2 protein chains.
Amino acid sequence: MYHANMALEPNTRESVAQMLRAHGITPTHQRIEIALVLFERCWHPSADQILTAVNVRYAETSKATVYNTLKLFLDKGLVRELIVDPNKVFYDSNTSAHHHFYDMSSGEITDIPAEGVRIDGLPPLPAGMVTAGVDIIVRTRPGI
Amino acid sequence: MYHANMALEPNTRESVAQMLRAHGITPTHQRIEIALVLFERCWHPSADQILTAVNVRYAETSKATVYNTLKLFLDKGLVRELIVDPNKVFYDSNTSAHHHFYDMSSGEITDIPAEGVRIDGLPPLPAGMVTAGVDIIVRTRPGI
DNA sequence: AGATCGGATTAGACAGAGTCCAAAATTCAA
DNA sequence: TTGAATTTTGGACTCTGTCTAATCCGATCT
């Protein structure tokens, strides 16, 4: 059951709704809440973290809806999947080209802007294949 | 030091046992079978594929042992984890530096030798951090 | 307003990967 | 061969994610 959160500016909700519409997504209450959580700050939450964040006050959004919505956002190019951890997928609301640091000890993910990063010497793609994306993951750990 | 990529050499149980000893691993029957499966050819099996391959004739190795052994091999630097698919981890018996093509439609993984591949313009690591590895994943899909 | 209709949401059962544990089996040095 | 230490095991368990059938909106039409 949806409960309106009057503490937040209707402005923010309305602008998120417009962004969703601009991407061909019907803006429902749950989708707006999930988008707010995704875009409120620079982080890389898992589906479970999003579910928790959306439901801090009351349980108003189900697990299935979070997964449905994340898949929808993914299809519409609103978020990116980050596959760096064997246990779960993280979602990246920064859709501009970039790469990642992944701190293997803490799980923390940090963006690396793609400007200035260049990869040379990659072999040609296998025949009939097209590049869907190039990810660089720099795995780090605490030094000496 | 034993050469990690033994795909071109005929592997006997005894030679595999020696390699395991050389890496500080007690060579048990199960570990030898798993190593044979891992190194018999150039592939990137999941834990489940390894379990199946080891038990083609009859069940002789348990799931728990496959996971224990893969973790042990990982610790000892005998294999690498490949995290490219949200659903499962693949294991890479080629421990020389290289990157990967990942065909998102078929799940097929192809090695990219690291020689000749150069990455320029990566920012400095976060303070106190050390690089544990740099992975490039070129995600591909069937073209037009 | 009320009725309708299709998309969105839901609970909860389900599936698959991987972990954990205590008991049983195996290894290896003596 | 013996026995302590290491390894293996089945099975229960956790966790992430999927599926489905029922229900719930919410926009549009009378």
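It should be emphasised that the depicted structure is a prediction, and the values quoted were computed from it without experimental measurement. To find a chain, count down the sequence lines: A is the first, B the second, and so on, and within it residues start at 1.
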Is a side-chain donor or acceptor of [X] paired with a backbone partner of [Y] at a separation under 3.5 angstrom?
{"X": "B/E33", "Y": "B/Q30", "result": "no"}
{"X": "B/D103", "Y": "B/R139", "result": "no"}
{"X": "A/R31", "Y": "A/T26", "result": "yes"}
{"X": "B/W43", "Y": "B/S93", "result": "no"}
{"X": "B/H98", "Y": "B/P113", "result": "no"}
{"X": "A/S105", "Y": "A/R141", "result": "no"}
{"X": "B/S106", "Y": "B/E108", "result": "yes"}

Donor-acceptor pairs under 3.5 angstrom involving side-chain atoms of residues 117-126 of chain A: please list them, not counting sequence neighbours.
{"unit_1": "A/R118", "atom_1": "NH2", "unit_2": "A/D120", "atom_2": "OD1", "d": "3.3"}
{"unit_1": "A/R118", "atom_1": "NH2", "unit_2": "A/D120", "atom_2": "OD2", "d": "2.8"}

task: Give B/N87 one of three labels, base, sugar-phosphate or nothing, depending on what nucleic acid heavy atoms sit under 4.0 Å from its own.
output: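 Sugar-phosphate, backbone atoms only, no base.
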Sugar-phosphate only, base, or nothing, as touched by A/S46 at under 4.0 Å among non-hydrogen atoms: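 No contact.
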query: Do B/H100 and B/D92 have side-chain N/O donor and acceptor atoms under 3.5 Å apart?
result: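 Checked: B/H100/B/D92 side chains pair up, N/O donor to acceptor below 3.5 Å.
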query: Does any donor atom in the side chain of B/D111 or B/H44 lie under 3.5 Å from an acceptor atom in the other side chain?
result: yes
field: Of B/P86 and B/E60, the one whose closest DNA chain D nucleotide lies more 5'
entry: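 Its nearest nucleotide lies further toward 5', so the answer is B/E60.
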statement: When A/V66 and B/Y91 are each assigned the nearest nucleotide of DNA chain C, the 5'-most assignment goes to A/V66
- prompt: A/T69 or B/V89: which one's nearest nucleotide on DNA chain C is closer to the 5' end?
  reply: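 Its nearest nucleotide being more 5', the pick is A/T69.
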query: Reading nucleotides 24-30 of chain C from the 5' end, what letters show protein touch, with B for base, S for backbone sugar-phosphate only, - for no heavy atom under 4.0 Å?
result: ---SS--
Can you check the [X] [atom1] to [N] [atom2] distance for me, whole Å?
{"X": "B/Q49", "N": "C/dG16", "atom1": "CD", "atom2": "P", "answer": "15 Å"}
{"X": "A/L74", "N": "D/dT18", "atom1": "CG", "atom2": "C1'", "answer": "16 Å"}
{"X": "A/L51", "N": "C/dA11", "atom1": "CG", "atom2": "C1'", "answer": "13 Å"}
{"X": "B/E33", "N": "D/dT7", "atom1": "CD", "atom2": "P", "answer": "17 Å"}
{"X": "B/F90", "N": "C/dG18", "atom1": "CZ", "atom2": "C1'", "answer": "15 Å"}
{"X": "B/I25", "N": "D/dT8", "atom1": "CD1", "atom2": "P", "answer": "11 Å"}
{"X": "A/N68", "N": "D/dG17", "atom1": "CG", "atom2": "P", "answer": "13 Å"}
{"X": "B/L20", "N": "D/dT6", "atom1": "CG", "atom2": "C1'", "answer": "15 Å"}

All N/O donor-acceptor pairs, side-chain side in residues 68-76 of chain B, below 3.5 Å, sequence neighbours left out:
{"unit_1": "B/N68", "atom_1": "ND2", "unit_2": "B/A64", "atom_2": "O", "d": "3.4"}
{"unit_1": "B/T69", "atom_1": "OG1", "unit_2": "B/T65", "atom_2": "O", "d": "2.7"}

For a 4.5 angstrom cut-off between non-hydrogen side-chain atoms, does [X] reach [Y]?
{"X": "A/I34", "Y": "A/L38", "answer": "yes"}
{"X": "B/T95", "Y": "B/L78", "answer": "no"}
{"X": "A/L82", "Y": "A/I109", "answer": "yes"}

query: the helix from C/dA1-D/dT30 to C/dA30-D/dT1: angle between its terminal axes, five pairs each, to 10°?
result: 10°
- prompt: Going by an N to O cut-off under 4.0 Å, is there a salt bridge joining A/D48 and A/K88?
  reply: no
Listed pairs, N/O of protein and of nucleotides 12-15 of chain C, under 3.5 Å:
none

Can you find a side chain N or O atom of [X] that sits less than 4.0 Å from OP1 or OP2 on [N]?
{"X": "A/K71", "N": "D/dG17", "answer": "no"}
{"X": "B/Y67", "N": "C/dT19", "answer": "no"}
{"X": "A/S62", "N": "C/dT9", "answer": "no"}

field: Nucleic acid contacts - residues 77-84 of chain A versus DNA chain C, non-hydrogen atoms under 4.0 Å
entry: none
